[in-house]
Amino acid sequence: MGGYGLGYGRRKKGTRRPHKVFVIVCEGKRTERIYFNNYKKWGCNLKIEMPYSGDTDPLSLIEFAKKQISKYELNLKGGDAIWCVFDCNGNNDKIISTACKNAGHNVKIILSNPSFELWFLLHFEYYSIKLTNLDLINRLERYLHNYEKSKDYYDLLKSKRENAVANAKRLNELHQIKGINLISVDSNPSTQIFTIVEEILKITRYMD
């Protein structure tokens, strides 16, 4: 019996894996997971894991994420990484700041404000005006008609990925100029999803 499934708990101490491991813990069980699943098939030098916690609140997600470090024997200093992905929508600064504190330096916080769908929208346009989640979905449907959270849009988006990365970085720069904390409710609109995407592409050297 081969494959990655048996590799983590039985790896001998001091041995090296031929690949890096990225663990992505998502708040949602549909949209985010469907999107990132498309990256799991590319590159023999990177293994992407997406354990499902069943939790939706950031604090529980962080605690779940921290447990995955030992489960997957992550070597965080050697290039492995773990991210916790959640939306600002429905959370407040106290919850978000506590989540960041609890995450420490090991778990990387990936916040989308108001929600993950902003990452999709940025593939099509740069938009810097504050959005409610309803506003965001309505605007996204100009490009993805009858948008559904359970549908896979990866193939429709991949040719515009560089636009999304550039637009997300541009939003970050805008907030930073204004002195706004990117991991807070004040960072609307913004998303840090691009940081995961860039790290995946850097390792796999895969551009479709």
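- Taking the charged nitrogens against the carboxylate oxygens, K169 and E198 do have a contact shorter than 4.0 Å, which makes a salt bridge.
- To the nearest 0.5 Å, the span separating CG on N167 from OG1 on T191 amounts to 11.5 Å.
- Between atom NZ of residue K158 and atom CG of residue L156 there is a gap of 9.5 Å, rounded to the nearest 0.5 Å.
- Between K66 and I82, the closest side-chain pair of non-hydrogen atoms is not below 4.5 Å.
- A 4.5 Å side-chain heavy-atom check between K20 and L46 finds at least one atom pair inside the cut-off.
- A single hydrophobic cluster is not seen to contain both L59 and V25; linkage of ILVMFWY side chains at heavy-atom distances under 4.5 Å, directly or through other members, places them apart.
- Put simply, the side chain of Q176 reaches to within 4.5 Å of the side chain of L182, judged on heavy atoms.
- Between L111 and F86, some side-chain heavy-atom pair lies under the 4.5 Å cut-off.
- Closest of all the heavy-atom pairs between G79 and F22 is O-CE2, 3.4 Å.
- Taken from CG in L134 to CG in N89, the straight-line distance is 10.5 Å, to the nearest 0.5 Å.
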Report task. Please step through side chain to side chain contact (heavy atoms under 4.5 Å, CB included) for the pair E199 and W83, ending with a clear verdict. Result -> CA-CA 11 Å; E199 286 301 311; W83 290 275; 4.1 Å; yes
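- Exactly one of N181, N172, N113 qualifies for a side chain to side chain donor-acceptor pair (under 3.5 Å) with S187. That residue is N113.
- Hydrophobic cluster membership is shared by V85 and Y154, with clusters built from Ile, Leu, Val, Met, Phe, Trp and Tyr side chains linked at under 4.5 angstrom.
- Put simply, the residue from L174, L122, I129, L171 that forms a side chain to side chain contact (heavy atoms under 4.5 Å, CB included) with P189 is L171.
- Interatomic distance, E117 CD to T31 OG1, rounded to the nearest 0.5 Å: 5.0 Å.
- Classification of E125 and R142 as a salt-bridged pair fails, no side-chain N sitting under 4.0 Å from a carboxylate O.
- Here the side chains of Q192 and I183 are in contact, with some heavy-atom distance below 4.5 Å.
- One N or O on the side chain of D93 and one on the backbone of V185 form a donor-acceptor pair closer than 3.5 Å.
- A heavy-atom distance below 4.5 Å is found between the side chains of F36 and I193.
- From E49, atom CD reaches atom NZ of K40 across 6.0 Å, with rounding to the nearest 0.5 Å.
- Put simply, V197 and L140 are part of the same group of oily side chains (I, L, V, M, F, W, Y) that touch within less than 4.5 Å, one to the next.
- Screening N133, N138, T132 against L136 for a side chain to side chain contact (heavy atoms under 4.5 Å, CB included) leaves a single residue, N133.
- Under the 4.5 Å side-chain criterion, counting only non-hydrogen atoms from C-beta, N91 is in contact with P58.
- Sorted by first and then second residue, the ring-ring contact (aromatic ring centres under 6.0 Å, His included) pairs with a member in residues 125-148 read F124-Y143, Y147-Y153; sequence neighbours excluded.
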Requested in this report: Please lay out, stage by stage, how L118 and S112 fare under the test side chain to side chain contact (heavy atoms under 4.5 Å, CB included).
Outcome: CA-CA 7 Å; L118 178 64; S112 292; 5.6 Å; no
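- Taking the side chain to side chain contact (heavy atoms under 4.5 Å, CB included) definition, one finds that S60 meets it with D55, D57, sequence neighbours left out.
- Between atom CD1 of residue I62 and atom OG of residue S53 there is a gap of 10.5 Å, rounded to the nearest 0.5 Å.
- Y35 is connected to I203 through a chain of hydrophobic side-chain contacts under 4.5 Å among Ile, Leu, Val, Met, Phe, Trp and Tyr, so both are in one cluster.
- No side-chain heavy atom of K108 sits under 4.5 Å from any side-chain heavy atom of T195.
- What you find for L131 and P114 is that their closest heavy atoms are O-CG, 3.7 Å.
- E32 places no side-chain N or O within 3.5 Å of a backbone atom of E27 that could act as its donor or acceptor partner.
- At least one donor-acceptor pair closer than 3.5 Å links the side chain of D80 to the backbone N or O of N75.
- I24 and I34 fall into different hydrophobic clusters, where Ile, Leu, Val, Met, Phe, Trp and Tyr side chains are chained together by heavy-atom contacts under 4.5 Å.
- In this structure, the side chain of R33 does not engage the main chain of C26 through any donor-acceptor pair within 3.5 Å.
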